[in-house]
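Below you'll find the structure, written out as structure tokens, and then a few comments.
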Number of protein chains: 2
Amino acid sequence: MGEDWIFLVLLGLTMALVSWCMDYASAKSLQGTSLSEILCIGWIAFMHRGNVLLQYLAWVTYPMVLIMFASLFCHLVAPQSIGSGIPELKTILRGVVLKEYLTLKAFVAKVIGLTAGLGSGMPVGKEGPFVHIASICAAVLSKIMSIFSGVYENSAHNQDLLVCACAVGVATCFAAPVGGVLFSIEVTSTYFAVRNYWRGYFAATFSAFIFRVLSVWNKDAVTITALFRTNFRMEFPFDLQELPAFAIIGISCGFLGAFFVFLNRQVVLVMRRQTALTRFLTKHRLIYPAVVTLVIATLTFPPGFGQFMAGEVRGQASSLTVLKYHHLCVSNILSHQMFQFWMSAVSTTMPIPSGAFMPVFILGAAFGRLVGEIMATLFPNGILFDGIVYRILPGGYAVIGAAAMTGAVTHTVSTAVICFELTGQISHILPMMVAVILANMVAQGLQPSLYDSIIQVKK
Amino acid sequence: MGEDWIFLVLLGLTMALVSWCMDYASAKSLQGTSLSEILCIGWIAFMHRGNVLLQYLAWVTYPMVLIMFASLFCHLVAPQSIGSGIPELKTILRGVVLKEYLTLKAFVAKVIGLTAGLGSGMPVGKEGPFVHIASICAAVLSKIMSIFSGVYENSAHNQDLLVCACAVGVATCFAAPVGGVLFSIEVTSTYFAVRNYWRGYFAATFSAFIFRVLSVWNKDAVTITALFRTNFRMEFPFDLQELPAFAIIGISCGFLGAFFVFLNRQVVLVMRRQTALTRFLTKHRLIYPAVVTLVIATLTFPPGFGQFMAGEVRGQASSLTVLKYHHLCVSNILSHQMFQFWMSAVSTTMPIPSGAFMPVFILGAAFGRLVGEIMATLFPNGILFDGIVYRILPGGYAVIGAAAMTGAVTHTVSTAVICFELTGQISHILPMMVAVILANMVAQGLQPSLYDSIIQVKK
């Protein structure tokens with residue numbers, strides 16, 4: 001580690017603060033959304049003949065304003081802050097110099113744009129952008145540190161620190177230090193130095209720790225626990241007879257993940273083709289995100305299609321309910337799944353800072369939940385073992401689906417570790433890892449990873 | 001992965017079977033020990049004037065016979081099977097050719113010797129030897145596979161497969177696939193390829209899976225769960241006020257771990273010096289292990305000192321009770337700790353196949369438990385939060401101590417991951433990682449890792 005520990009501590013501290021502030025701001029903004037939602041539904045219930053058009057306008061205006069603001073802000077301040085950030089970082093770590101990519105300007109644009117995007121409730125993730133933000137922090141910090149020590153002028157050393165920054169980004173996003181380190185290694189590197197692994201561990205643990213302590217201090221949590229804690233029974237999490245279902249989740253998620261990557265690329269390619277429409281959209285940059293937001297918000301409008309989606313679309317935390325409660329309605333999940341799938345694939349192409357990890361995670365969780373509910377319907381009496389009846393836990397299927405789907409889209413296996421750290425439970429470790437490996441085998445055979453696909457398209 | 005998957009599946013399958021058979025055999029043997037123990041104690045209780053000498057003979061003969069058999073067998077069949085195996089493998093992976101180290105003969109000697117050693121109840125671990133056994137399996141398998149494919153004649157490729165074999169070894173030992181992969185990377189490599197990481201994951205998951213399925217099939221476990229499952233409450237695992245205690249565990253374990261490495265090396269160096277005694281011992285190889293076993297068995301004799309040790313010395317599974325039950329007696333743990341410390345350091349120098357990981361793990365668990373019990377004594381009413389009183393969980397301290405101590409001795413941070421997978425609970429992840437990092441910082445400043453220390457001594 002040497003003298004880098006000061007650097008790593010500073011990096012961890014900065015990122016923990018950024019992550020927490022951003023969560024705080026976007027949660028406040030989502031409260032705004034929920035408020036408009038509640039008002040809207042309350043209105044219907046109370047007046048019955050309420051002007052649906054007015055309600056609808058209230059419902060779609062809020063996210064549209066936020067997304068258009070994010071898009072405009074990024075375009076004006078730093079266009080390189082658009083998108084996930086992981087593909088570009090992967091390119092940088094292979095030795096290509098991407099100018100202006102690691103500047104303070106990009107930092108400001110990314111943080112403000114991402115906060116607005118998350119606050120709008122659209123299906124955009126914070127993980128990819130966080131990796132970018134952490135890398136900018138590392139680059140700026142090493143510029144400052146180079147005043148004190150010559151080591152920070154060495155470009156090979158700075159590359160090493162960028163890898164650590166990726167780990168810190170993932171770790172502060174999910175409070176998942178181990179998963180963060182592994183995910184950043186898998187996504188960015190082909191060869192890896194063990195000393196970087198230790199640096200990454202140190203910084204990621206520190207930042208995740210501070211991030212969680214800040215929540216305790218703000219009374220969001222009573223003590224340091226997982227971000228989306230589950231409460232499955234531990235003495236009998238699943239039966240061996242359920243293993244084929246887990247394997248089916250893994251294989252299906254492999255196909256679905258490959259299809260997601262394909263869909264995402266097709267949308268980008270269609271937008272890239274030189275037609276009258278795309279020329280028009282390039283000239284008027286705000287129209288594309290506005291239309292996408294309008295369509296998605298329209299479809300999720302509670303009195304319209306939204307009623308079939310159980311209000312699960314707005315806000316990621318609420319979508320994660322699929323991990324928890326018993327017995328959701330199968331048709332509900334199915335419709336949610338179908339909408340969410342193309343909405344996620346399309347909304348990640350909007351010109352705002354947005355990651356695909358969390359939307360894909362939710363998709364996978366919903367798919368797993370679907371399989372779990374079907375299993376629970378097929379075996380309504382649960383599993384009899386030693387005279388005790390154990391009911392099937394559909395939440396466990398959801399966690400496995402989430403890990404398998406994100407694994408398939410990103411071509412990594414460490415998503416399983418991120419899942420353990422996110423949910424705070426490790427009881428399903430073996431079936432989950434089997435599912436993730438199966439999903440990877442299928443997806444790697446069909447499509448490149450989402451990040452490689454974006455790199456190819458951008459060439 | 002390519003066509004290696006057949007190889008990895010075969011490796012995983014073989015190792016899972018070996019691990020399970022060995023556990024089965026040594027458990028049967030330990031039942032023998034327990035039987036002699038019960039007879040012995042029952043005798044005292046029943047007769048009151050029972051011949052203590054005869055009981056004592058019964059008590060010490062069993063482990064002595066087993067250890068001497070293990071020592072003799074290894075000496076005659078393959079002397080290279082003595083010891084842990086990780087230091088030698090580290091040397092091989094750096095490109096040094098160690099002849100006769102990866103042969104079928106060494107395999108037989110290691111498996112038989114280790115089973116006898118584990119069955120004797122002495123504080124020897126199975127992790128290091130398992131890494132060796134898995135490497136031999138990989139070497140033999142790649143010789144067989146080279147009949148079908150030329151790839152397996154490529155020595156660089158075979159080195160890659162050896163790294164995977166290390167992961168499989170740790171994974172089948174603890175049913176900890178993720179921890180196994182990470183530990184093997186940290187211990188054996190300075191640079192590693194991400195494609196090896198995937199191969200390791202695949203093989204380790206497969207073997208851990210089969211290993212656990214075998215237990216279910218044999219009705220040892222009702223379903224696939226962690227090997228030493230804990231049951232801490234999850235809604236409030238610890239309070240922020242307990243963090244200083246966790247940090248103290250980490251720092252102390254760093255010092256203790258360094259001292260353990262020092263002690264172990266000193267014992268070896270004293271034995272290496274050319275004196276009349278060592279010449280005599282080299283000539284009569286069975287005397288040293290016999291004397292060590294005799295001394296340790298004598299000290300753990302229940303009517304003697306053993307009564308202060310709560311019968312915790314024989315058998316690792318029973319020693320792991322420190323992780324579980326509430327409120328052990330502090331003086332009990334303290335005496336256990338003091339004995340166990342030098343016994344572990346000495347017994348790992350016996351000329352039999354034996355690892356140090358598990359003994360150190362138990363030492364760390366006992367130390368952590370000690371701190372936990374002191375905390376529970378200092379705060380007998382627990383922690384009041386939101387009107388609910390949460391009692392301090394000394395078991396959580398034990399898990400943290402175990403991870404920190406093994407981390408300090410081996411200079412790795414992935415012991416934390418092994419701990420999660422062993423106990424099946426991840427609730428203490430952040431304090432545990434902080435403790436492991438602190439322990440590593442202290443220990444790395446004071447001493448080389450145990451494996452590097454052994455390599456230095458053997459030069």
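Chain naming here is simple, since letters A, B, ... match the order of the sequence lines and numbering starts at 1 in each.
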With a 4.5 angstrom heavy-atom cut-off, could you sort out which part of [X] is near chain B: side chain, backbone, both or neither?
X: Val417(A); result: side chain
X: Tyr197(A); result: side chain
X: Ile429(A); result: side chain

Separation between [atom1] of [X] and [atom2] of [Y], rounded to the nearest 0.5 Å:
X: Asn440(A); Y: Phe202(B); atom1: CG; atom2: CZ; answer: 11.5 Å
X: Met432(A); Y: Thr205(B); atom1: CE; atom2: OG1; answer: 12.0 Å
X: Tyr201(A); Y: Leu182(B); atom1: OH; atom2: CG; answer: 5.0 Å
X: Phe211(A); Y: Leu430(B); atom1: CZ; atom2: CG; answer: 11.0 Å
X: Phe206(A); Y: Met433(B); atom1: CZ; atom2: CE; answer: 13.5 Å
X: Trp198(B); Y: His411(A); atom1: CH2; atom2: NE2; answer: 8.5 Å

